[in-house]
Amino acid sequence: MTEDVHAEDGSPVAEAVLPLPLEFEALYLANQDAFHRYALLHLDGNDAAEEAVHRAFLEILRHWDALLEESNLQQQTWAILRRVVISEQLGGFRKRLALLRGETGLYRALCSLPPRQFDVIVLRYVLRCETCEIGWYLGVTNSTVDYHCRRAKERLERAMASYIRAEGDPK
């Protein structure tokens with residue numbers, strides 16, 4: 001974490017390290033290697049793993065005061081890491097899916113879904129996650145998961161109907 005330090009005239013002088021809570025630094029040192037190994041297991045390569053761990057620690061720092069009030073800080077920080085890794089996996093899946101060419105237009109329709117709807121559809125129908133697991137990952141209630149799923153299905157049905165009509169029209 002750094003911030004720009006400016007001279008009196010406003011010109012940048014150097015970057016100074018932002019002070020981090022000592023406990024956060026200890027948590028980072030104690031967990032960075034394990035977090036990286038976990039991310040590396042689930043993501044495509046070292047760069048993706050490093051990015052995920054960096055994002056996770058930024059998220060942990062963002063919620064540091066609230067996390068200190070939790071009964072199990074270690075459990076909560078690992079939950080944040082898992083969420084970030086899942087997010088990276090879904091983003092990578094969406095990118096790979098966009099490269100596929102299908103005859104039905106399903107891949108294109110899936111990729112056109114808003115992020116939450118895409119996540120719910122992939123987590124539920126591709127990864128076979130239960131509603132409560134999806135809710136935990138997204139940080140929403142089970143009814144919100146069901147709502148996103150219904151909306152995504154409606155969008156997919158409309159997109160597929162449009163695609164079929166377009167393909168059926170001789171031009």
Side-chain angles (χ1 to χ4, degrees), residues 1-6 12-100 107-149 151-152:
M1 303 281 158
T2 62
E3 69 179 15
D4 292 331
V5 177
H6 298 280
V13 175
E15 288 189 0
V17 176
L18 291 176
L20 296 172
L22 186 58
E23 298 87 356
F24 176 81
E25 289 184 32
L27 179 97
Y28 175 85
L29 292 172
N31 291 287
Q32 192 278 333
D33 189 51
F35 278 22
H36 185 79
R37 286 194 315 267
Y38 178 85
L40 202 51
L41 267 174
H42 297 282
L43 299 173
D44 298 328
N46 193 54
D47 290 343
E50 284 183 11
E51 176 64 26
V53 171
H54 180 73
R55 279 186 49 213
F57 276 113
L58 287 175
E59 188 71 18
I60 291 166
L61 183 59
R62 186 175 301 118
H63 298 288
W64 185 247
D65 291 334
L67 286 168
L68 287 176
E69 295 175 11
E70 292 288 335
S71 61
N72 191 336
L73 177 67
Q74 193 70 8
Q75 179 182 8
Q76 295 301 319
T77 57
W78 274 93
I80 290 171
L81 174 68
R82 285 192 302 275
R83 286 181 179 135
V84 169
V85 168
I86 291 169
S87 175
E88 290 288 326
Q89 287 174 314
L90 287 168
F93 181 72
R94 188 178 195 126
K95 288 176 186 171
R96 288 189 301 279
L97 194 61
L99 298 175
L100 296 176
Y107 302 138
R108 188 172 7 154
L110 278 170
C111 289
S112 71
L113 290 173
R116 286 284 175 124
Q117 291 177 15
F118 177 85
D119 293 351
V120 167
I121 291 295
V122 171
L123 289 168
R124 181 171 281 172
Y125 296 107
V126 177
L127 299 177
R128 304 262 186 231
C129 293
E130 296 293 324
T131 301
C132 59
E133 293 173 289
I134 298 168
W136 170 84
Y137 162 67
L138 295 176
V140 297
T141 64
N142 291 352
S143 61
T144 302
V145 170
D146 292 338
Y147 171 78
H148 285 307
C149 190
R151 295 292 304 202

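What you see is a predicted model, and the numbers here were worked out from it, not measured in a lab.
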Problem - Trace of the side-chain contact (heavy atoms from CB on, under 4.5 Å) decision for Arg94 with Val122 - result: CA-CA 9 Å; Arg94 188 178 195 126; Val122 171; over 6 Å; no
Exercise for the section: Before giving the answer on side-chain contact (heavy atoms from CB on, under 4.5 Å), spell out for Trp78 and Asn31 the whole-Å C-alpha distance, their side-chain angles and the decisive distance to 0.1 Å. Expected result: CA-CA 9 Å; Trp78 274 93; Asn31 291 287; 3.8 Å; yes
Practice task
With side-chain contact (heavy atoms from CB on, under 4.5 Å) as the test, would you mind laying out the steps for Leu123 and Leu90 before giving the verdict?
Solution key: CA-CA 9 Å; Leu123 289 168; Leu90 287 168; 4.3 Å; yes
Practice task
Output, in order, the C-alpha distance, side-chain angles, deciding distance and verdict of salt bridge (Lys or Arg N to Asp or Glu O under 4.0 Å) for Arg83 and Glu59.
Solution key: CA-CA 10 Å; Arg83 286 181 179 135; Glu59 188 71 18; over 6 Å; no
Exercise for the section: Take Trp136 and Ile86 through the test side-chain contact (heavy atoms from CB on, under 4.5 Å) and record every step on the way to the result. Expected result: CA-CA 11 Å; Trp136 170 84; Ile86 291 169; 4.3 Å; yes
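Atoms CG and CZ, on Asp119 and Arg124 in that order, are 13.0 Å from each other to the nearest 0.5 Å. Summarising the geometry, atom NE2 belonging to His148 is positioned 7.0 Å from atom CG belonging to Leu138; distances are rounded to the nearest 0.5 Å. Summarising the geometry, atom CG belonging to Leu43 is positioned 10.0 Å from atom NE2 belonging to His36; distances are rounded to the nearest 0.5 Å. The NE2 atom of His42 sits 9.5 Å away from the CZ atom of Arg82 when rounded to the nearest 0.5 Å. Glu23 contributes atom CD, which lies 10.0 Å from atom CG of Leu73 (distance to the nearest 0.5 angstrom). The distance from atom CD of Glu133 to atom CG of Asn142, rounded to the nearest 0.5 Å, is 10.5 Å.
A parallel orientation is assigned to the rings of Phe35 and Phe57, their planes being inclined by less than 30° (bins at 30° and 60°).
Asp44 has a carboxylate O that lies under 4.0 Å from a charged side-chain N of Arg96, or vice versa, which qualifies the two as a salt bridge.
Closest non-hydrogen pair, Leu61 versus Pro21, comes out as CD1-CD, 4.1 Å. Nearest heavy-atom pair, Ala56 versus Leu81, reported as atom, atom and distance to 0.1 Å: CB-CD1, 3.8 Å. Scanning all heavy atoms of the two residues, the minimum distance from Ile121 to Ala152 falls at CG1-CB, 3.4 Å. The heavy-atom pair separating Ala52 from Val84 by the smallest distance is O-CG1, 3.3 Å. Between Ala49 and Leu40, the shortest heavy-atom distance links the atoms CB-N, 3.6 Å.
Annotation: side chain of Tyr125 is not in contact with side chain of Leu110 (no heavy-atom distance under 4.5 Å). Side-chain contact between Gln89 and Val85 is present, with at least one heavy-atom pair separated by less than 4.5 Å.
Not a single donor-acceptor pair under 3.5 Å links the side chain of Gln117 to the backbone N or O of Pro114.
For Phe24, the CZ atom is densely surrounded, since the number of other residues' heavy atoms within 6.0 Å is greater than 12.
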